[in-house]
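Below is one structure, written out as structure tokens, with a few remarks after it.
Count residues from 1 along the sequence. Because the structure is a prediction, the values reported are computed rather than measured.
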Amino acid sequence: MTKPLQDKVVMVTGASSGIGAATIAALLDAGARVIAVARRIDRLQALQKELGVGDDRVLPVKCDIRDEQQAQTLMDQALEWGGSLDGLINNAGLSRGGLLEKTQVDDLRVMLDTNIFALANLTRLATPELKKAQGTLINISSSVVHALIPGSAVYSASKAAVAAFSEVMRKELCTSDVRVITIYPGMVDTEFFDGITDEKKKQSFDKLKESIDALQAEDIAEVILFALSQPGRVSLNEIVVRPTRQPI
């Protein structure tokens, strides 16, 4: 029986843990070939070993996608290995700091560079290949853009930019039969929160995760797989996924 994504070539950023790692497992199970991208190559190699797949099914690539040259090299490697690109899942993202006036400039820059510049630039590089393949672009935003929580001004702005970027790209690419999908996860229990530098904010999120029965990375991976597995004429352009008990 043919699997739903048999031999489709899909790139996943932020692939070393959390949603990215869970998505790779789901994609491989669905028959895809996956380019796994992250800065922590040891984690990617460990994931490949854990999943028990060979170099013909997954290509682990160490890359800081904020760097233009590294991003270009990544795309070159991906095409040499895969021959085409059927999907790009822009999952890499992070949050730093808390209230804006107390947030360090370096934290502002890393959020904007990772969450929007790197995503937009990698999409720019991938777009010609996605058009050739009539593929799918999936951008991971956040439900925070609907909640707008104090202490998340720049993170919220960056994820709102992802949503706006996605909608414009949808309009630019729909006549080329490229699907553009934005997913807005609510609270997911992953390493994401470990990077928050405001200790008070981090503690409040840790308590909230427990009280609302936070989503698991595999939940979002299943949503991604569902969106990718639809017929080409079906584009689930915006998907909001929250824990049932999350009020905002």
Side-chain angles (χ1 to χ4, degrees), residues 12-14 18-20 23 65-66 68 71 87-127 130 136-174 178-198 201-202 204-205 208-209 212 214-215 217 219-220 223-224 227 235-243 246-248:
V12 182
T13 67
I19 293 172
T23 298
I65 57 173
R66 296 172 299 178
E68 299 99 310
L88 170 62
I89 301 172
N90 280 313
N91 168 68
L94 49 80
S95 179
R96 296 285 186 272
L99 294 174
L100 182 61
E101 64 179 319
K102 297 180 180 180
T103 302
Q104 299 298 310
V105 170
D106 287 348
D107 287 337
L108 298 181
R109 190 175 300 281
V110 75
M111 277 189 284
L112 293 171
D113 283 353
T114 303
N115 295 355
I116 186 60
F117 171 77
L119 178 148
N121 185 52
L122 191 58
T123 301
R124 177 182 68 86
L125 296 172
T127 292
L130 293 175
T136 304
L137 169 65
I138 296 181
N139 292 326
I140 306 300
S141 180
S142 170
S143 68
V144 75
V145 305
H146 303 294
L148 301 177
I149 304 166
S152 68
V154 176
Y155 177 71
S156 297
S158 70
K159 288 302 187 177
V162 170
F165 174 82
S166 298
E167 177 59 12
V168 175
M169 290 306 299
R170 183 191 70 78
K171 292 173 179 175
E172 290 186 7
L173 296 176
C174 65
V178 174
R179 300 183 296 188
V180 179
I181 297 167
T182 311
I183 297 177
Y184 303 82
M187 182 161 281
V188 186
D189 188 6
T190 69
E191 291 180 8
F192 174 86
F193 297 98
D194 295 345
I196 294 175
T197 50
D198 185 312
K201 179 179 175 181
K202 184 177 181 301
S204 69
F205 278 132
L208 184 60
K209 278 191 295 184
I212 66 170
L215 299 171
D219 299 329
I220 304 302
V223 172
I224 290 170
S235 184
L236 302 172
N237 299 125
E238 294 189 288
I239 306 173
V240 181
V241 190
R242 295 186 183 94
Q246 179 176 322
I248 57 173

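The nearest pair of heavy atoms linking V188 to A217 is CG1-N, 3.7 Å. The two atoms that bring V145 and S156 nearest to each other are CG1-O, 3.8 Å, heavy atoms only. In terms of heavy-atom proximity, Y184 sits nearest to A163 at OH-CB, 3.4 Å. What you find for H146 and V240 is that their closest heavy atoms are NE2-CG2, 3.9 Å. Residues A126 and L88 approach most closely at CB-CD2, 3.8 Å, considering heavy atoms. Of all the heavy atoms in L94 and Y155, the pair that sits closest is O-CD1, 3.3 Å.
I212 contributes atom CD1, which lies 8.5 Å from atom CD1 of I248 (distance to the nearest 0.5 angstrom). The OG atom of S152 lies 15.0 Å from the CZ atom of R96; values are rounded to the nearest 0.5 Å. Note: L236 CG to I224 CD1 = 12.5 Å, rounded to the nearest 0.5 Å. Rounding to the nearest 0.5 angstrom, the gap separating the CD atom in E172 from the CD atom in E167 is 11.0 Å. Between atom CG of residue L119 and atom CD1 of residue I65 there is a gap of 7.0 Å, rounded to the nearest 0.5 Å.
Residues T127 and T123 have side chains in contact (heavy-atom distance under 4.5 Å, counting atoms from C-beta outward). In this structure, the side chains of R124 and N121 come closer than 4.5 Å at one or more pairs of heavy atoms. Contact annotation: the side chain of T23 approaches that of I89 to within less than 4.5 Å [non-hydrogen atoms, C-beta and beyond]. In this structure the side chain of N90 reaches within 4.5 angstrom of the side chain of L137, judged on heavy atoms.
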Test side chain to side chain contact (heavy atoms under 4.5 Å, CB included) applied to L100 and L108, step by step: CA-CA 9 Å; L100 182 61; L108 298 181; 3.8 Å; yes
Start with the C-alpha distance between D219 and V241, add both sets of side-chain angles, then the distance that settles side chain to side chain contact (heavy atoms under 4.5 Å, CB included), and finish with yes or no. CA-CA 9 Å; D219 299 329; V241 190; 5.7 Å; no
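Among residues at least two apart or in separate chains, side-chain hydrogen bond (donor to acceptor under 3.5 Å, both in side chains) pairs with a member in residues 108-119 are N115-S158.
Checking I181, L215, I183, I19 one by one against V223, the side chain to side chain contact (heavy atoms under 4.5 Å, CB included) holds for a single residue, I183.
The backbone N or O of P185 sits less than 3.5 Å from a side-chain atom of S143, completing a donor-acceptor pair. Counting only distance, with no hydrogens or angles, the side chain of T13 and the backbone of N91 share a donor-acceptor pair below 3.5 Å. The main-chain N or O of M187 is found under 3.5 Å from a side-chain atom of Q246 such that the two form a donor-acceptor pair. One N or O on the side chain of S141 and one on the backbone of K159 form a donor-acceptor pair closer than 3.5 Å.
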